[in-house]
Amino acid sequence: MIQYLKNIWSGLSSTFTGMRITSGHLFVKKVTIQYPDQRFPIPSNARNRLVLTPERCTGCNLCVVACPVNCILLETVRVVPDDPHQELYENGQPRKMWITRYEMDFAKCCFCGLCQAACPSDAINHTTDFEYSAYDRADLYYKYQTLTPEQAAEKERLLAEFKAKDKPAVAKKTEKAADHPVTAAPDKAATQTLTDKEPAPEA
Amino acid sequence: MEKTNFIWDMFGTNIWTVLAVISLPLLFVLVYALIAILAELKVSAWIQERVGPMRTGPYGILQPIAEVVKLIQKEDITPDLSSKLLYNLAPFIIFTGAYAAFAVIPFSEAFVPAGIDVGLFYVFAIGSISAMGIVMGGWASNNKYSLMGAMRSVSQLISYEIPAALAVLSIVVLASSMNMQEISRAQTGWFWNWFIFGGPGDWTKVWVVPFTLALAITYFIASLAETNRVPFDIPEGESELVAGFHTEYSGMKFAMFFFAEYANMFVVAAILTTIFLGGWNSPFGDFMQGPWWGAMWFISKSFFIVLIQIWIRWTLPRYRVDQLMYLGWKVLLPVALVCFLAISLFVMIK
């Protein structure tokens with residue numbers, strides 16, 4: 001009998017305790033953030049949208065090598081000394097490589113941050129901008145080259161002319177050229193595209 | 001005949017006034033259900049430290065309207081192997097049962113749709129109709145979960161009707177009337193005249209105060225079980241029975257069940273208000289007493305009870321079936337019986 005009454009009492013009192021607890025939560029400040037209207041601060045080192053600063057990019061190809069999902073595509077053309085169009089990097093140094101293509105399939109990006117760590121000139125960065133969703137996957141294909149395709153073709157032509165003129169000099173410096181495998185690859189690409197286009201300027 | 005209905009006093013008794021008397025509570029139920037749904041959404045959100053609906057209208061106050069519109073738009077499915085007539089009839093029977101109880105609820109001293117002398121008895125009689133609707137819906141759905149939910153619901157309703165009826169009966173003994181308007185009138189004056197505090201009378205009533213308090217709690221717990229609210233919502237326990245007796249219902253028929261649940265909540269809250277909390281009486285003597293103020297007091301008291309029901313829903317977990325039966329038969333029934341005998345004894349000696 002005592003146990004029975006104790007049971008009833010504990011049932012009632014625990015109900016009131018529970019109701020006191022829930023009523024305590026009724027009028028406290030809510031934890032909800034009304035997202036599109038209210039925002040919360042994102043840490044400055046958050047890895048969200050990947051952005052390239054073309055004025056800093058030297059075209060060194062390290063980010064392409066670092067990327068585990070191969071989402072970056074880079075094509076470069078060496079700057080010819082007698083080209084009237086010369087550019088400076090952001091830090092004032094003269095540009096040595098034209099970036100003819102720098103394309104990023106951002107839908108593939110896995111936000112590992114390895115490209116950012118690999119970049120020697122701090123050109124590629126994850127920003128805190130996270131609202132980049134798109135209805136079409138093509139909208140997530142970012143193109144960062146500053147040169148138009150016509151300009152890129154022009155640069156390639158200039159480089160080919162320069163090479164043809166300096167063939168003996170280049171032949172002498174083959175050992176030195178072997179020291180720069182990075183530049184060798186775009187050169188190859190340049191010569192390939194050149195062979196495709198060669199008949200056009202001559203004709 | 002006593003003046004219990006301002007519409008008949010003012011416009012006489014004809015077909016139009018009868019229609020008005022019938023439709024006035026319906027209008028009230030529609031508005032009340034929307035407010036109660038909003039209260040349910042908001043209170044549940046606040047208890048969980050969320051903000052609840054915020055996008056429909058200022059502070060989301062139009063959310064219940066949006067939900068009703070959504071339910072109306074939804075496809076109305078009748079299962080192939082169901083018993084079509086019973087299946088389609090069940091939601092309306094349940095709502096009729098819930099709505100019929102409004103006939104005797106005294107909203108104000110000048111308005112009770114039907115001031116019959118056996119009002120409380122009528123409420124309990126009509127309350128069983130919704131049990132019929134539940135078992136109809138559960139059986140006609142031809143779904144094992146629906147049938148189990150319906151069986152649980154009916155067993156629960158029958159077991160908790162007894163303590164609830166005993167609690168009401170004690171007040172009937174104390175007030176010597178079953179007319180809800182008479183019971184309300186008996187509690188006129190300050191709030192210590194309410195039956196939860198022993199009703200009107202001299203200091204000797206302190207002997208019944210503990211019993212009436214216990215009866216009020218008993219009736220409140222039993223009414224939670226009768227309306228299938230948490231913590232007694234095992235008929236629709238989603239972890240065991242999908243959604244209980246309304247598993248197969250969709251669209252407007254589901255909305256009728258939903259509506260009936262909220263209407264039932266108000267009915268039990270109104271009965272609790274009438275027999276324990278002074279009905280349409282002001283708590284402060286003659287202050288703000290009168291027909292219009294009466295309606296205000298009655299509705300706010302009832303809505304306060306509905307809010308407590310919602311509050312409890314978001315506080316307590318669900319009972320097991322055996323715990324529910326234990327609570328009903330071994331705790332509430334003896335408590336109600338003891339209180340009933342004590343109050344009867346008090347009334348006899350007095």
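Residue numbering restarts at 1 for every chain, and letters A, B, ... go by the order of the sequence lines.
- Only the side chain of P334(B) comes within contact range of chain A, judged by heavy atoms closer than 4.5 Å.
- At a heavy-atom cut-off of under 4.5 Å, chain B is reached by V28(A), K29(A), K30(A), V31(A), T32(A), Q34(A), P36(A), D37(A) from residues 27-42 of chain A, listed in order of number.
- Residue contact with chain B, scored on non-hydrogen atoms closer than 4.5 Å, is absent for I21(A).
- A pairwise comparison of heavy atoms in T315(B) and M19(A) identifies CG2-N, 3.6 Å as the closest pair.
- Counted within 6.0 Å of CZ on F304(B), heavy atoms from surrounding residues, nucleotides or ligands total 12 or fewer; the atom is thus considered open.
- Y142(A) is linked by a ring-ring contact (aromatic ring centres under 6.0 Å, His included) to F106(A), counting only residues two or more places apart in sequence or in another chain.
- Tested against I8(A), the residues L332(B), L327(B), V331(B) include a single side chain to side chain contact (heavy atoms under 4.5 Å, CB included) partner, V331(B).
- The shortest distance between side-chain heavy atoms of W311(B) and T22(A) falls below 4.5 Å.
- If you measure heavy-atom distances from S23(A) to chain B, the contacts under 4.5 Å come from both the backbone and the side chain.
- In this structure, chain A has heavy atoms under 4.5 Å from both the backbone and the side chain of I47(B).
- A search for side chain to side chain donor-acceptor pair (under 3.5 Å) contacts involving N264(B) returns nothing, not counting sequence neighbours.
- Partners of F124(B) according to the ring-ring contact (aromatic ring centres under 6.0 Å, His included) rule, which considers only residues two or more places apart in sequence or in another chain, do not exist here.
- For I217(B), the part lying under 4.5 angstrom from a heavy atom of chain A is the side chain only.
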